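Below: the structure, in structure tokens.
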Amino acid sequence: MGLFSACTSEGTPKETNETKAATVASVRQDTIPASDSTLKTKPVATPSADSAAVSDSTASANPTGIVVKDEAADNPGAILPHKRIVAFYGNPLSKRMGILGEIAPEKMLAKLDGEVKNWEAADPSTPVQPALHLIFVTAQGAPGKGGMYRLRMSDHLADTVIAWAAKRNAIVFLDIQIGRSTVEQELPRLEQWLKLPQVHLGIDPEFAMKNGAIPGRKIGSLDASEINYATNFLNDIAVKYNLPPKILVIHRFTQRMVTNYKNIKLRPNVQFVMHMDGWGDRVLKKSTYLAYIKKEPVQYTGFKIFYYNDTKKPGSKLYTPKEVLALTPKPMYIQYQ
């Protein structure tokens, strides 16, 4: 979760009954002067009718990392479920949006090495795939030049993070916080990187604003129809460039962040991760995972660990790999912020 804006009390999302029952919403704030450029886009084919997400009972019946059959898993180069992904999240232009930008690149990569070893030790049967998860389109508290309440990072930033990842044979996720823009408007620009076999996609519904809302003041949402556009876009890229399966990570920590989840379409060249993105103590995090990830399964699951926010409460400790692996289904995507 990230938000480039002036730090004010109004920047924190209002707590709802949903967040009280499960987790606490976090908005990371910072200010980075940059222009809100407008880029030309081209239309992409509309989604076709592929297999839909499974019913709630499937997740509890299967203790492994996958909750529904993955057609893409047998494709050459597929990462899931053959490897567990361990990712560092953030933006190099901010020290307050996650570990990816919090410390110098070489120190950050060394710390990632350490987390990879921790997960390998916790589950020797599952190799670990390191990853860098870059917030590439960032939500804004102000409308910006285009009036979309979002800021597109430079091409150079994506290239830089991809180069860092290559030092560790890591994959890269480009994450978008669309503000008042749309998934359809933001994805075409990303094709130049998504056509690389090691680059994948993340979308944060928290900052997908509807009905004139401002990022950071309310928690946003994405509907299955918007998510289906993204999975179809990724599937088309995989076919067009003859690539291994693409991975889509969707962040979630309330029910309303993703609507009509049963209508999410699974594609033959895309692997889908619904990622638990809430912070708080271990009881809150587990209840969020059970309520919004396990009970509304799609394909694979993810789990986020906040180095700072998860330990705010006195006596709180970070989840260890072994504790995360005790969850059912076992998360196959782990993100550190």
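It should be emphasised that the depicted structure is a prediction, and the values quoted were computed from it without experimental measurement. Any value given below was found using the heavy atoms of this structure, including those in side chains, with hydrogens, waters and symmetry copies removed.
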Do D159 and W193 have side chains that approach each other closer than 4.5 Å (heavy atoms only, starting at C-beta)?
yes

Criterion salt bridge (Lys or Arg N to Asp or Glu O under 4.0 Å) on E226 and K210, from CA distance to verdict:
CA-CA 12 Å; E226 298 170 281; K210 306 290 194 299; 3.4 Å; yes

Do T138 and Q140 make a side-chain contact, defined as non-hydrogen atoms from C-beta onward lying under 4.5 Å apart?
yes

Are the side chains of V172 and W164 in touch, meaning some heavy atoms are under 4.5 Å apart?
no

In terms of heavy-atom contacts, P244 and A238 come closest through O-CB, 4.2 Å

So which atom in D310 and which in S316 form the shortest heavy-atom distance, rounded to 0.1 Å?
O-CB, 3.4 Å

Between I178 and L222, is there a side-chain heavy-atom distance shorter than 4.5 Å?
yes

With a 4.5 Å cut-off on side-chain heavy atoms, are V137 and L151 touching?
no

Within the 6.0 Å centroid threshold, strictly below: Y307 and Y336
yes

Euclidean distance, E102 CD relative to Q337 CD, rounded to 0.5 Å
9.0 Å

Can you check side-chain contact (heavy atoms from CB on, under 4.5 Å) on F173 and Q335, steps first, answer last?
CA-CA 11 Å; F173 289 86; Q335 185 183 96; over 6 Å; no

Can you see which heavy atom on N260 is nearest to which on A224, and at what distance?
O-CB, 3.1 Å

Check whether any side-chain N or O of R267 sits under 3.5 Å from a backbone N or O of N228 as a donor-acceptor pair, and report yes or no.
yes

Same apolar cluster: I250 and M209, side chain cutoff 4.5 Å:
no

Do I171 and V199 pass the side-chain contact (heavy atoms from CB on, under 4.5 Å) test, and can you show the C-alpha distance, the side-chain angles, and the key distance before you say yes or no?
CA-CA 6 Å; I171 61 175; V199 179; over 6 Å; no

Where do M332 and K83 come nearest, in terms of heavy atoms and distance?
CE-O, 3.5 Å

Backbone N/O of Y292 and side chain of R252: donor-acceptor pair under 3.5 Å:
yes

In terms of ring plane angle, is the pair Y333 and H275 parallel, tilted or perpendicular, where the classes change at 30° and 60°?
perpendicular

Write down the atom of Y319, the atom of R282, and the distance for their closest heavy-atom approach.
OH-O, 3.1 Å

Any donor-acceptor N/O pair, R84 side chain to P331 backbone, under 3.5 Å
yes

When you compare the side chain of K285 with that of F306, does any pair of heavy atoms fall below 4.5 Å?
yes

Distance-only, no hydrogens or angles: does the H251 side chain make a donor-acceptor pair with backbone N or O of G202 under 3.5 Å?
no

With a 4.5 Å cut-off on side-chain heavy atoms, are R96 and Y308 touching?
no

In the structure I gave you, are the side-chain heavy atoms of F233 and L194 within less than 4.5 Å of one another anywhere?
yes

Quick one: do the S221 and R256 side chains pair a donor with an acceptor below 3.5 Å?
no

Looking at CD of E296 and CE of M274, how far apart are the two atoms once the value is rounded to the nearest 0.5 Å?
8.0 Å

Gap separating the CG atom of L196 from the CD atom of Q198, nearest 0.5 angstrom
5.0 Å

Look at the side-chain heavy atoms of Ile, Leu, Val, Met, Phe, Trp and Tyr, link any pair under 4.5 Å apart, and say whether I237 and V239 land in one connected group.
no

Quick test of your reading of the model: are D236 and K246 salt-bridged, counting only N-O distances below 4.0 Å?
no

Interatomic distance, N269 atom CG to L243 atom CG [nearest 0.5 angstrom]
9.0 Å

On a heavy-atom basis, which atom in N169 and which in Q129 lie closest, and how many Å separate them?
O-NE2, 3.1 Å

Linking I/L/V/M/F/W/Y whenever their side-chain heavy atoms sit closer than 4.5 Å, directly or via other members, would I103 and L100 fall into one cluster?
yes

Treating Ile, Leu, Val, Met, Phe, Trp and Tyr as nodes and any side-chain heavy-atom pair under 4.5 angstrom as an edge, say whether I176 and I227 lie in one connected cluster.
yes

Under a 3.5 Å threshold, yes or no: a donor from one side chain and an acceptor from the other, between D123 and T126?
yes

Does the side chain of D70 come under 3.5 Å of the side chain of Y300 through a donor N or O and an acceptor N or O?
yes

Any Lys/Arg nitrogen of E323 or K286 sitting under 4.0 Å from an Asp/Glu carboxylate oxygen of the other?
no

dist Q255:CD -> T288:OG1 (nearest 0.5 Å) comes out at 12.0 Å

Between atom NE2 of H133 and atom CG of D175, what is the distance when rounded to the nearest 0.5 Å?
3.5 Å

Transitive ILVMFWY side-chain link L266 to L234, under 4.5 Å:
yes

Geometric cation-pi criterion K304 and Y89, 6.0 Å radius, 45° cone
yes

Verdict with reasoning, E191 to Y241, per side-chain contact (heavy atoms from CB on, under 4.5 Å)
CA-CA 11 Å; E191 182 171 346; Y241 296 103; 2.7 Å; yes

L201/L187 under side-chain contact (heavy atoms from CB on, under 4.5 Å): CA gap, chis, key distance, verdict:
CA-CA 9 Å; L201 179 66; L187 287 191; 3.7 Å; yes

